[in-house]
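Dumping the structure here so I can ask a few things about it.
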Amino acid sequence: MGRLVIVSNRAPSVDGTGDSGGLVVALKDALSEQGGLWIGGAPEQTDTPSASLVFHQRPDFDIALFEMEPELYRDYYLGYSNSVLWPALHGRVDLIDVQPHYSIAYREVARRLARQIADIVTHDDVIWVHDYQLIPLAHELKALGLTSRIGFFLHIPLPDLQTFKAIPDWQDLAGWLADYDLLGLQTQRDLGHLINIFRHTLRGELRANGNMGINGREVVLGCFPISIDVQGFRRLAVEGAAQTAPAPMPRLIGVDRLDYSKGLPHRLLGYEAFLSQNTRFCSNVGLLQIAPPTRDDVDAYKAIRSELEHLAGRINGSFGTIDWTPVQYIHRSLPRDELAVLYRYSQVGLVTPLFDGMNLVAKEYVAAQDEADPGVLILSQFAGAAEEMSDALIVNPHNPQDIADAIRTALEMPLAERRQRHDALYGHLEKHDVGHWSAAFLNRLLSVEQADPEWLARVSGLESRARTG
Ligand code: ADP
Ligand code: G6P
């Protein structure tokens, strides 16, 4: 194989700062072992974007930034990606804002990016595209005659066919997805949805090996539940806790971008019901909700912020006393080491999204616990993580009573049961960390048979332009 080429909307930082979480940690080793390149959107937009990728060298891997004009970026990122695809794929079709210029910008970004990528990759390179912002990329790369293997991983959920069909460009989207060689989803739930979408839209045929025959070629499908750096996160929590005092009273913690998919108002309603039904806990427990801003130029995000702040104010006004604030709300990001200690010193982790691809906070909360005296995870049945984490207290986030009951059960749970649940959750996570996830995806991508350049040139009518590196 040649190089591993990662493509995502957000690139890691050029100087390596802020790499402590998520995808960069997951892919750093694979990139530096195999010689790699990460291509992503430049952090700042410019009126005079470069016509080619702008390279930066880090000691571990190279970064190539893709520049865009502010208007194009706005229509592609805030517009199509986050005002059409994000709400639709999270089942919030009521929030879709359909604008023709959003679709145009979305395709234009993929087209331009594909041209710049095609200039620098070869037949032997393996390309791994991440997330909903870049779905048409394989289509555009293949139209340019590129024969490298191209995989795609969707970090967010894929809804059922009927919901998917609410997206005006649903047929195009299905076709673009089918142009990848490997499609990875987070859960069996989403894999089932994808199979149904392909069957219905492209007459896809499910084969005995679990892949799909579409238009004479096989698209490899797989379920790859993403995870975290379990050992690394646990270490942060243990080391941080050694230097910090525990919270003065039992604490519930929620950590989420302030996104409408995270079910934050529902969580507060559940907590409010819990306090009103279990008054002995008043003054004896607190909820810490950390919810940093995200995409706040989109109206739906402004709305969720005021709803959350209104509810937090109402609960504090109704139940609070001079010495006790029932809801502490922090509207900013915290360093990961601080977050790890806050999880460790919280008796209950509240993860109650209405729909979520996976939810890494659930995994971070478990990884951070003290195994001798662990806290309890309350987890929405609609988080992808619920497929793997059945030893959490699973709740329906739409039902405040369910959340209220789970909070009481968690706070009253005997140590033996807490330990037994935590052992099961942690045992699974230890074996299924983020390294396991990236290796599983890459191994599958490398096992995919590579497109024959002549065949590809014939079907795309681009004989003279086919590149073989
Ligand atoms: P999503 O990808 O939709 O934001 P996840 O739960 O999968 O949801 O991942 C969120 C990531 O962002 C986690 O690693 C979490 O620790 C991090 N995060 C969320 N809120 C904060 C915060 N206030 N400060 C620092 N990191 C945060
Ligand atoms: C989710 C998406 C990512 C995205 C992240 C933060 O995790 O799956 O693709 O990068 O949210 O959102 P933002 O819009 O700030 O990149």
Side-chain angles (χ1 to χ4, degrees), residues 6-12 18-26 40-41 43 73-74 76-83 85-87 89-90 129-135 152-158 184-187 190 225-230 232-233 236-237 253-264 288-298 300-301 304 328-344 346 349-368 377 379-380 382-386 388-389 433-434 437:
I6 304 292
V7 192
S8 63
N9 172 57
R10 276 188 194 276
D19 274 359
S20 48
L23 214 51
V24 185
V25 171
Y73 183 75
R74 199 188 49 227
Y76 143 80
Y77 171 75
L78 290 175
Y80 198 79
S81 299
N82 288 309
S83 301
L85 286 182
W86 180 276
L89 298 186
H90 283 87
V129 180
H130 289 265
D131 233 354
Y132 62 103
Q133 301 93 342
L134 296 172
I135 292 174
F152 178 81
F153 185 77
L154 184 66
H155 289 255
I156 67 174
L158 189 69
L185 298 166
Q186 302 269 25
T187 54
D190 297 350
I226 199 169
S227 189
I228 60 165
D229 171 15
V230 177
F233 201 79
L236 275 185
I253 190 167
V255 176
D256 318 69
R257 279 181 309 103
L258 217 178
D259 194 291
Y260 48 81
S261 64
K262 302 293 180 186
L264 295 170
L288 171 61
Q289 178 61 55
I290 306 171
T294 178
R295 307 169 196 164
D296 42 11
D297 289 325
V298 176
Y301 288 83
I304 189 77
Q328 252 186 300
Y329 161 60
I330 297 178
H331 184 53
R332 60 173 189 280
S333 282
L334 296 183
R336 292 188 70 69
D337 51 350
E338 274 182 42
L339 213 52
V341 180
L342 287 171
Y343 286 134
R344 190 172 177 92
S346 297
L350 275 170
V351 180
T352 54
L354 306 179
F355 205 13
D356 213 331
M358 174 53 59
N359 198 293
L360 294 179
V361 168
K363 295 187 173 183
E364 290 170 356
Y365 178 77
V366 169
L377 175 65
L379 181 60
S380 160
F382 302 115
E388 293 171 89
M389 303 182 85
D433 68 358
V434 73
W437 168 79

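Both ligands and their constituent atoms are indexed starting at 1 by order of listing.
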For this session: Pick whichever of His90, Glu364, Arg332 has a heavy atom sitting closest to atom 14 (O) of ligand 1.
Result: Glu364
For this session: Could you pull out all residues at least two apart from Arg74 that satisfy salt bridge (Lys or Arg N to Asp or Glu O under 4.0 Å)?
Result: none
Exercise. Does some side-chain heavy atom of Arg10 sit less than 4.5 Å from a side-chain heavy atom of Gln133?
Worked result: no
Exercise. For ligand 2, is there an N or O atom under 3.5 Å from any N or O atom of Arg295?
Worked result: yes
For this session: Run down the list Gln186, Met358, Lys363, Arg336 and name the one with the heavy atom closest to atom 17 (C) of ligand 1.
Result: Arg336
For this session: Could you walk me through whether Ile330 and Leu288 pass the side-chain contact (heavy atoms from CB on, under 4.5 Å) test, one step at a time?
Result: CA-CA 8 Å; Ile330 297 178; Leu288 171 61; 3.9 Å; yes
Exercise. Run the side-chain contact (heavy atoms from CB on, under 4.5 Å) check on Tyr365 and Val351 step by step: do they pass?
Worked result: CA-CA 9 Å; Tyr365 178 77; Val351 180; 5.6 Å; no
Problem set entry | Residue pair Ile156 / Leu85, side-chain heavy-atom distance below 4.5 Å | no
For this session: Quick one: look at Leu339 and ligand 1, take heavy-atom pairs under 4.0 Å, and tell me if it's side chain, backbone, both or neither.
Result: side chain
Exercise. Got an N/O contact under 3.5 Å between Arg10 and ligand 2?
Worked result: yes
For this session: Answer yes or no: is there a side-chain heavy-atom contact under 4.5 Å between Leu158 and Gln186?
Result: no
For this session: Check ligand 1 against Ile290 and write out every atom of the ligand that is under 4.0 Å from a heavy-atom position of the residue.
Result: 23 (N)
For this session: Could you tell me whether atom 7 (O) of ligand 2 has at least one protein heavy atom nearer than 4.0 Å?
Result: no
Exercise. For ligand 2, which atoms, with element, lie under 4.0 Å from some heavy atom of Ile156?
Worked result: 8 (O)
Exercise. Does the side chain of Pro353 come within less than 4.5 Å of Ser380's, by heavy atoms?
Worked result: yes
Exercise. For ligand 2, which atoms sit closer than 4.0 Å to a heavy atom of Tyr77?
Worked result: 13 (P), 14 (O), 15 (O)
For this session: Output yes when the distance from some N or O of ligand 2 to some N or O of Tyr132 is under 3.5 Å, and no in every other case.
Result: no
For this session: Note the single closest protein heavy atom to atom 9 (O) of ligand 2, along with its residue, its atom name and the distance in Å.
Result: Asp131 OD2, 2.5 Å
For this session: Please confirm whether Arg257 comes under 4.0 Å of ligand 2, counting heavy atoms of the residue only.
Result: yes
Exercise. Should Asn82 be counted as touching ligand 2, given the test is an N or O pair under 3.5 Å?
Worked result: no
Exercise. Can you list the atoms of ligand 1 that are under 4.0 Å from a heavy atom of Val255?
Worked result: 19 (C), 20 (N), 21 (C)
Exercise. Hey, are the side chains of Leu236 and Tyr343 touching, using non-hydrogen atoms and a 4.5 Å cut-off?
Worked result: no
For this session: Ignoring angles and geometry beyond distance, decide whether His155 reaches within less than 3.5 Å of ligand 2 through its nitrogen or oxygen atoms.
Result: no
Exercise. In Å and rounded to the nearest 0.5 Å, what is the OG1 to NZ distance from Thr294 to Lys262?
Worked result: 9.5 Å
